[in-house]
Number of protein chains: 2
Amino acid sequence: MTSDDTTLGRRDRKKRQTRAALATAALRLVAERGLDQVTVEEISEAADVSARTFFNYFPTKDDALVGDTEADRDGVLRALAAVPTEQPALEALRRALAEVVDEVQGDAELWLLRMRVVMQHPVLLARLVSGNAATEQALVEAVAARTGLPPDDAYPTLVVAVAGAALRTAMVRWAASDGGRSLGALLDEAFAAVAAGLPDPRTG
Amino acid sequence: MTSDDTTLGRRDRKKRQTRAALATAALRLVAERGLDQVTVEEISEAADVSARTFFNYFPTKDDALVGDTEADRDGVLRALAAVPTEQPALEALRRALAEVVDEVQGDAELWLLRMRVVMQHPVLLARLVSGNAATEQALVEAVAARTGLPPDDAYPTLVVAVAGAALRTAMVRWAASDGGRSLGALLDEAFAAVAAGLPDPRTG
DNA sequence: GCTAAAGGTGCAGTCTCTGCAAAGTTTTAG
DNA sequence: CTAAAACTTTGCAGAGACTGCACCTTTAGC
């Protein structure tokens, strides 16, 4: 999270605050009652703004629940760029994703609530994962660039998709453990299994 | 026996027909104008039914576009069950997914249109992937059962997620080649790379 | 302070989606 | 062949998501 607090004026701070209020209100209410039993009006009321204002912050009710994946995008891309090019792509992605791990662990309570809600509503799960086709596309291009492969080669697309799958799996398991296990550890575990070619654990 | 043709009475045949008409009308119109420039009313009109009827077939406009992934579910699960338990889970999944490959290749034109539409609308891409939330869960359980692992072990979830990523990648590339390349071949390629641990192509 | 920019809000209107009850059609049984 | 049973289609009313627009309030910068 780009949590500059003092650098921003009062205005921007209020915006962040309102945004957060809307997001948490939405999550809390939906966790309690279910997606369809909560209206935007109720969420807005809980955050003490008008319903119209809600839509100034989020284009969709769902967006308030899944959070702003776009915000992380730059961070992940920067982190990826920081990994030496000599490192294999998969390893590079693992390190870049540490960015996401930090963000999630840093706001564990919110994210646990979010995961609980998201896992109860497949529509949202979809959005959370590939919600950012833009981010994935950017990663694919970054991987293509660092490996020197043509951008339409199978490899970049595949590694990124698989890395995403690993992240998702780790997050689901993290949520299942109620945050008890370290997300970073779970992610590393998943990447290790992938790097080993997912050997059948019986014969492993 | 979900897709027998002659076994069904006139009634069911008409239903299938209407359903298909709605789906293709939706795809065609959205491909032309974009998701938000097409209303359910227009789709229904094109399929020559009332708007109310549209919602008797699809719970959502989006659902008419992504198709009924649930229909394939049984097929995939059956195919998976048919693979000898001795086979490693990843290989078993590869074979089970051949079911999907057949279905897609068998209706190539429709699926190419669908992929084109879906790739232009991230929201739909999300749905195409997660429409399988139920399917994925079933696969996870099946893999857990066949490997003898507890259902909350990391492995089943991860293999299924990765297999899904491989399928998605293959389908995107298939669509990118405009159906010119064999989806089955692309999928095998992806699975081979995964089974090898996604080695960085530079280092071999 | 004053002004210009930016956020917040109400309102009207479109579109998605649902429940309900009236038709209309197909199937079944007599 | 016919009438009841079982469906499907449809119109209608209504809730709720979302948008464009005009107006008001707050804030930043002078």
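Predicted model, so just to flag it, every value in this text is computed and none were measured. Residue numbers begin at 1 in each chain, while the letters A, B, ... track the order of the sequences.
Distance B:Leu22 CG to C:dC17 C1': 15 Å, rounded to the nearest Å. Rounded to whole Å, the distance from CZ on B:Phe55 to P on D:dA15 is 17 Å. Counting to the nearest Å, the P atom of D:dG14 and the CZ atom of B:Arg52 are 16 Å from each other. In this structure, the CG atom of A:Asn56 is 9 Å from the C1' atom of C:dT9, given to the nearest Å. Across the protein-nucleic acid pair, B:Lys15 atom NZ and C:dT27 atom P stand 12 Å apart, rounded to whole Å. If you measure from atom CG of B:Asp12 to atom P of D:dC7, you get 10 Å, rounded to the nearest angstrom. A straight line from CG of A:Asp36 to P of C:dT16 spans 17 Å, rounded to a whole angstrom. The NZ atom of A:Lys14 sits 9 Å away from the P atom of D:dT26 (whole-angstrom rounding).
The phosphate of C:dG7 (OP1 or OP2) has no side-chain N or O of A:Tyr57 nearer than 4.0 angstrom. The phosphate of D:dG16 has neither OP1 nor OP2 within less than 4.0 Å of any side-chain N or O from A:Thr39. In this structure, B:Ser50 reaches the D:dT10 phosphate: one of its side-chain N or O atoms is under 4.0 Å from OP1 or OP2.
A distance-only check finds a donor-acceptor pair linking the side chain of A:Asp153 to the backbone of A:Tyr155 [under 3.5 Å]. The closest donor-acceptor contact from the side chain of B:Arg78 to the backbone of B:Arg73 lies at 3.5 Å or more, if one exists at all.
Each of D:dT10, C:dG8, C:dC17 was ranked by its minimum atom distance to the side chain of B:Thr60; first place goes to C:dC17. The side chain of B:Val49 lies closest to D:dT10, out of C:dT27, D:dT10, D:dA17. Considering only the side chain of B:Arg11, D:dC7 comes nearest among D:dC18, D:dC7, C:dT16.
Looking at heavy-atom distances under 4.0 Å, B:Phe58 makes no contact with the nucleic acid at all. Across all strands shown, A:Phe54 has no heavy atoms under 4.0 Å from either base or sugar-phosphate atoms.
A salt bridge is absent between A:Arg114 and A:Glu109; no separation between the charged side-chain nitrogens and carboxylate oxygens falls under 4.0 Å.
Put simply, the residue from A:Leu158, A:Leu198, A:Leu93 that forms a side-chain contact (heavy atoms from CB on, under 4.5 Å) with B:Leu198 is A:Leu158.
Side-chain contact annotation: A:Gln105 with A:Trp111, donor-acceptor N/O pair under 3.5 Å absent.
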